[in-house]
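First the structure, in the form of structure tokens, and then the observations on it.
The sequence lines fix the lettering, A, B, ..., with proteins before strands; numbering per chain opens at 1. These values consider heavy atoms only, across backbone and side chains, with no hydrogens, waters or symmetry-generated copies.
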Amino acid sequence: MSVLFYGILTFFSALLIHLMVWRICLPKKNRALILANIFFWTLVLGAVVLRAIPDYLDYIVLYCCLAAAYIVSYPAMEADSPSLVIVRDIARAGRSGLDKSELYKTMSDEILVVARIDDLLADDLIRMDSGKYLLTAKGRFLSGVFVRFRRLLNAPKGG
Amino acid sequence: MGDNWTHIFIPFICLAANIFIQISVFKFFPGTGLLKSLFLGFACGFLALFLINPGIMLASNLLIYALLGYCYFHFVNMGETARRIRILLELSEVSGGLSLRDILGRYNARDIIDRRLARLVNNGQVKCENGRYYIGNLTVLTMARFTAAAKSVIFGKTP
């Protein structure tokens, strides 16, 4: 049980630091990287302080998994997921329901696509050259991972 | 650290089983659908965990496996729904880059709304009657509310 207790305690400590940093001074770019750094350095501190606990390795693995689960969920909280916005708008419409055209009016290219292109530029995954967007080495690597995985699944392009 | 630390690998072995089952089911039984294949893979990994896990570490290994399964679900989901990944995939298909106009020609707001509505209807989360959309079940709506609450805690704003 000490593994669960200390693992969750360290995770919530990192979460608290993250919330304090975000509420005091929201980073302008590379937020996921800064978040990963907060979780990493909290782990380093936790691993030094709690080095005498039994099942030390379990504690580290559990903490890393908690941190990873939070980090992968973070982008969905940062950028509004269109599916969640659609569902929220449909729920707001209540019993009268919602027509697709109303969604077309509220969710524009600017909000759904251009804002994500700006994120990719801020995270150095793409770059702009002579009016065209090109992949950076980081972007090429990331797209390669997904291209290969989707090929393995025989799945078409998502989105 | 305990005397025997090999149990730490058990959730990872179960995750491998989860991934193998999920990919096999989706690839060879495409009618199953991505979401069902993910649930099936997760359930098989979960069963494997109960069969091979030493009882004493059950709680932490259970949580570690659930978190690993969640991360894998997110990875698959990113390839399926993330707009940034879709834009990266579009850029990876051309060598000379794409202008904003080219990107919007391949992937735009209308496309995103249509795909997501189709997916939500297909999964029973939204229903369509006489061209109007209504909430089908509360799963995604609950997620939308949870995300909105988390967002207000992290960023101090509500959508």
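- Proximity to chain B (any heavy atom under 4.5 Å) is restricted, for A:Ile126, to the side chain, taken from C-beta onward.
- Judged by distance alone, the side chain of A:Arg116 and the main-chain N or O of B:Arg84 form no donor-acceptor pair under 3.5 Å.
- Using a 3.5 Å distance cut-off with no hydrogens or angles, the side chains of B:Tyr70 and A:Ser73 do pair a donor with an acceptor.
- For the atom pair CD1 of A:Ile90 and CG of B:Leu120, the computed distance is 6.5 Å after rounding to the nearest 0.5 Å.
- Looking at A:Ile86, the atoms closer than 4.5 Å to chain B (heavy atoms on both sides) all sit in the side chain, from C-beta outward.
- Only the side chain of A:Glu102 comes within less than 4.5 Å of a heavy atom of chain B; its backbone N, CA, C and O stay farther away.
- Of the possible polar contacts, one joining the B:Arg132 side chain to the A:Ser96 backbone as a donor-acceptor pair under 3.5 Å is found.
- Contact of A:Phe149 with chain B is made through the side chain alone, with heavy-atom distances under 4.5 Å.
- With a threshold of 4.5 angstrom between heavy atoms, A:Leu15 does not approach chain B through any atom at all.
- With a threshold of 4.5 angstrom between heavy atoms, B:Phe146 does not approach chain A through any atom at all.
- Neither the backbone nor the side chain of A:Ser130 comes within contact range of chain B; no heavy atom of the residue lies under 4.5 Å from a heavy atom of that chain.
- Within the 4.5 angstrom heavy-atom criterion, only backbone atoms of A:Ser108 (N, CA, C, O) approach chain B.
- Within the structure, every pair that satisfies the side chain to side chain donor-acceptor pair (under 3.5 Å) test and touches residues 16-28 of chain A, not counting sequence neighbours, is listed here: A:His18-A:Tyr70, A:Trp22-A:Tyr74.
- Between B:Lys151 and A:Glu78, no side-chain nitrogen of the basic residue sits less than 4.0 Å from a carboxylate oxygen of the acidic one, so the salt-bridge criterion is not met.
- Heavy atoms closer than 4.5 Å to chain A are found nowhere in B:Glu129, neither backbone nor side chain.
- Heavy atoms of A:Leu26 lying under 4.5 Å from chain B belong exclusively to its side chain.
- For the 3.5 Å distance criterion, the side chains of B:Tyr107 and A:Asp109 fail to qualify, holding no donor opposite an acceptor.
- Of the atoms belonging to A:Ala93, not a single heavy atom falls under 4.5 Å from chain B.
- Neither the backbone nor the side chain of B:Gln125 comes within less than 4.5 Å of any heavy atom of chain A.
- Proximity to chain B (any heavy atom under 4.5 Å) is restricted, for A:Asp123, to the side chain, taken from C-beta onward.
- Under the 6.0 Å distance and 45° angle rule, A:Arg95 does not count as a cation-pi partner of B:Tyr134.
- Using a 4.5 Å heavy-atom cut-off against chain A, the contacting residues of residues 91-103 of chain B are B:Leu91, B:Ser92, B:Glu93, B:Ser95, B:Gly96, B:Gly97, B:Leu98, B:Ser99, B:Leu100, B:Asp102, B:Ile103.
- Heavy atoms closer than 4.5 Å to chain B are found nowhere in A:Arg140, neither backbone nor side chain.
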